[in-house]
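Below is one structure; the comments refer to it alone.
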Amino acid sequence: MADTESDLLARIRVHGAVPRHIAIIMDGNGRWARERHMPRPFGHRSGMKAVRAVVEGCLESGVEWLSLFAFSQENWQRPESEVSALMSLLEEFIAGEVDDLHKQGVRVRVHGDLERLSGPASAAVQRVMRMTETGTRLGLNLFISYGGRAELVRAARLLAVEVQAGRLAPDAITEDEFRARLFTAECPDPDLLIRTSGEQRLSNFLLWQVAYAELFISSVLWPDFGRAALYDAINDFQHRDRRFGRVRT
């Protein structure tokens with residue numbers, strides 16, 4: 001008999017340390033819809049429930065930061081009808097969740113090339129960030145119109161501007177200086193990267209930040225990824241031996 005959510009959460013608390021920062025590549029919405037002979041937007045809508053479940057699971061288990069890959073730069077190449085549906089779902093998600101996120105102490109930050117968002121979607125993004133800015137229990141990073149390589153290029157350009165202006169010497173560019181120009185400068189790098197739907201690739205997500213993250217590949221399609229699946233990943237993480245290149249003595 002499978003462990004219940006309560007059993008899994010109790011096991012997490014027994015083992016103690018949880019990942020401070022979990023990043024998730026939310027994959028499988030389209031496949032989930034196809035298996036049910038439904039259009040892809042139906043899968044994306046169902047995936048909204050998983051977002052809610054994972055946020056609540058992170059709050060329950062004591063995770064401090066959660067980063068979700070919601071929409072990549074490459075996703076703009078999808079059919080216009082699907083992109084439009086995704087933007088509408090973003091607006092709907094924010095409208096339906098912003099009050100609860102605020103009450104639960106979740107601080108939302110949205111990262112990516114946000115200038116490409118539609119007017120209503122952009123307004124919704126600004127609203128959720130403004131209304132949740134005082135949250136202290138969980139930092140929620142939503143990556144929309146995002147690409148890891150583009151983020152690295154952006155950071156390099158910001159450093160180049162500093163050097164050109166004479167505010168920074170080239171030999172003063174360190175990893176810390178580079179990290180300070182990334183979207184995630186205010187939070188620690190992910191300890192755990194989860195990818196759903198069984199795919200085993202990074203898909204251009206947080207390429208700098210996940211250098212030392214533990215990887216967890218789940219066969220569960222995103223709309224079915226609930227608290228139990230999250231707790232299972234955290235339990236697995238708690239049994240990893242993280243040496244960061246060192247040797248145990």
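Along the sequence shown, the residues carry numbers beginning at 1.
A search for salt bridge (Lys or Arg N to Asp or Glu O under 4.0 Å) contacts involving R154 returns nothing, not counting sequence neighbours. With sequence neighbours excluded, the residues satisfying side chain to side chain contact (heavy atoms under 4.5 Å, CB included) with D171 are A169. V163 meets the side chain to side chain contact (heavy atoms under 4.5 Å, CB included) test with L168, P170, I173; sequence neighbours excluded. Qualifying side chain to side chain contact (heavy atoms under 4.5 Å, CB included) partners for E56, counting only residues two or more places apart in sequence or in other chains: R52, Q104, R227. Legend: residues meeting ring-ring contact (aromatic ring centres under 6.0 Å, His included) with F42, ordered by chain and number and at least two apart, are W32. Residues meeting the side chain to side chain contact (heavy atoms under 4.5 Å, CB included) test with Q126, sequence neighbours left out: M129. For D100, the side chain to side chain donor-acceptor pair (under 3.5 Å) criterion is met by no residue, not counting sequence neighbours. Every residue two or more places apart in sequence or in another chain that forms a salt bridge (Lys or Arg N to Asp or Glu O under 4.0 Å) with R13 is listed here: E60. By the ring-ring contact (aromatic ring centres under 6.0 Å, His included) test, H102 is found to be paired with no residue, residues two or more places apart in sequence or in another chain being considered.
Between F69 and F143, the ring centre distance reaches or exceeds 6.0 Å.
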Distance-only donor-acceptor pairs under 3.5 Å for side chains of residues 73-82, two or more places apart:
{"residue": "E74", "atom": "OE1", "partner": "S72", "partner atom": "OG", "Å": "3.3"}
{"residue": "N75", "atom": "OD1", "partner": "S72", "partner atom": "N", "Å": "2.8"}
{"residue": "N75", "atom": "OD1", "partner": "S72", "partner atom": "OG", "Å": "3.3"}
{"residue": "N75", "atom": "ND2", "partner": "S72", "partner atom": "OG", "Å": "3.3"}
{"residue": "W76", "atom": "NE1", "partner": "S145", "partner atom": "OG", "Å": "2.9"}
{"residue": "R78", "atom": "NH1", "partner": "E82", "partner atom": "OE2", "Å": "3.0"}
{"residue": "E82", "atom": "OE1", "partner": "R40", "partner atom": "NE", "Å": "3.1"}
{"residue": "E82", "atom": "OE2", "partner": "R40", "partner atom": "NE", "Å": "3.0"}
{"residue": "E82", "atom": "OE2", "partner": "R40", "partner atom": "NH2", "Å": "3.3"}
{"residue": "E82", "atom": "OE2", "partner": "H44", "partner atom": "NE2", "Å": "2.9"}

Show every donor-acceptor pair shorter than 3.5 Å between a side-chain atom in residues 20-27 and any protein atom, with sequence neighbours excluded, or say none if there are none.
{"residue": "R20", "atom": "NE", "partner": "E64", "partner atom": "OE1", "Å": "3.2"}
{"residue": "R20", "atom": "NE", "partner": "E64", "partner atom": "OE2", "Å": "3.4"}
{"residue": "R20", "atom": "NH2", "partner": "E64", "partner atom": "OE1", "Å": "3.1"}
{"residue": "H21", "atom": "ND1", "partner": "P188", "partner atom": "O", "Å": "2.6"}
{"residue": "H21", "atom": "NE2", "partner": "S67", "partner atom": "OG", "Å": "2.7"}
{"residue": "D27", "atom": "OD2", "partner": "R195", "partner atom": "NH2", "Å": "2.9"}
{"residue": "D27", "atom": "OD2", "partner": "S197", "partner atom": "OG", "Å": "2.9"}

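The closest donor-acceptor contact from the side chain of N235 to the backbone of L8 lies under 3.5 Å. At least one donor-acceptor pair closer than 3.5 Å links the side chain of Q238 to the backbone N or O of A17. Within the 3.5 Å criterion, the main-chain N or O of R149 finds a donor-acceptor partner in the side chain of N204. Judged by distance alone, the side chain of Y212 and the main-chain N or O of D189 form no donor-acceptor pair under 3.5 Å.
The aromatic rings of W222 and F225 lie parallel to each other, their planes meeting at an angle below 30°, with 60° marking the opposite boundary.
At most 12 non-hydrogen atoms from other residues, nucleotides or ligands lie less than 6.0 angstrom from CZ of R157. In this structure, R167 places its CZ atom where more than 12 heavy-atom neighbours from other residues, nucleotides or ligands lie under 6.0 Å away.
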### Task
Show the numbers, then the answer: is there a salt bridge (charged side-chain N to carboxylate O under 4.0 Å, His left out) between R11 and D7?
CA-CA 6 Å; R11 195 177 305 159; D7 292 334; over 6 Å; no

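Clustering ILVMFWY residues whenever any of their side-chain heavy atoms sit less than 4.5 angstrom apart, transitively, puts F183 in a cluster other than the one holding V108.
A salt bridge links R107 to E186: one of the charged nitrogens lies within less than 4.0 Å of a carboxylate oxygen. Look at E199 and R31 and you find a salt bridge, because one of the NZ, NE, NH1 or NH2 atoms lies within 4.0 Å of a carboxylate O, short of that distance.
Heavy atoms only, all atoms of each residue included: P39 and A33 are closest at O-CB, 3.3 Å.
Evaluation of the side chain to side chain donor-acceptor pair (under 3.5 Å) test over residues 109-121, restricted to residues two or more places apart or in two chains, returns H111-N141.
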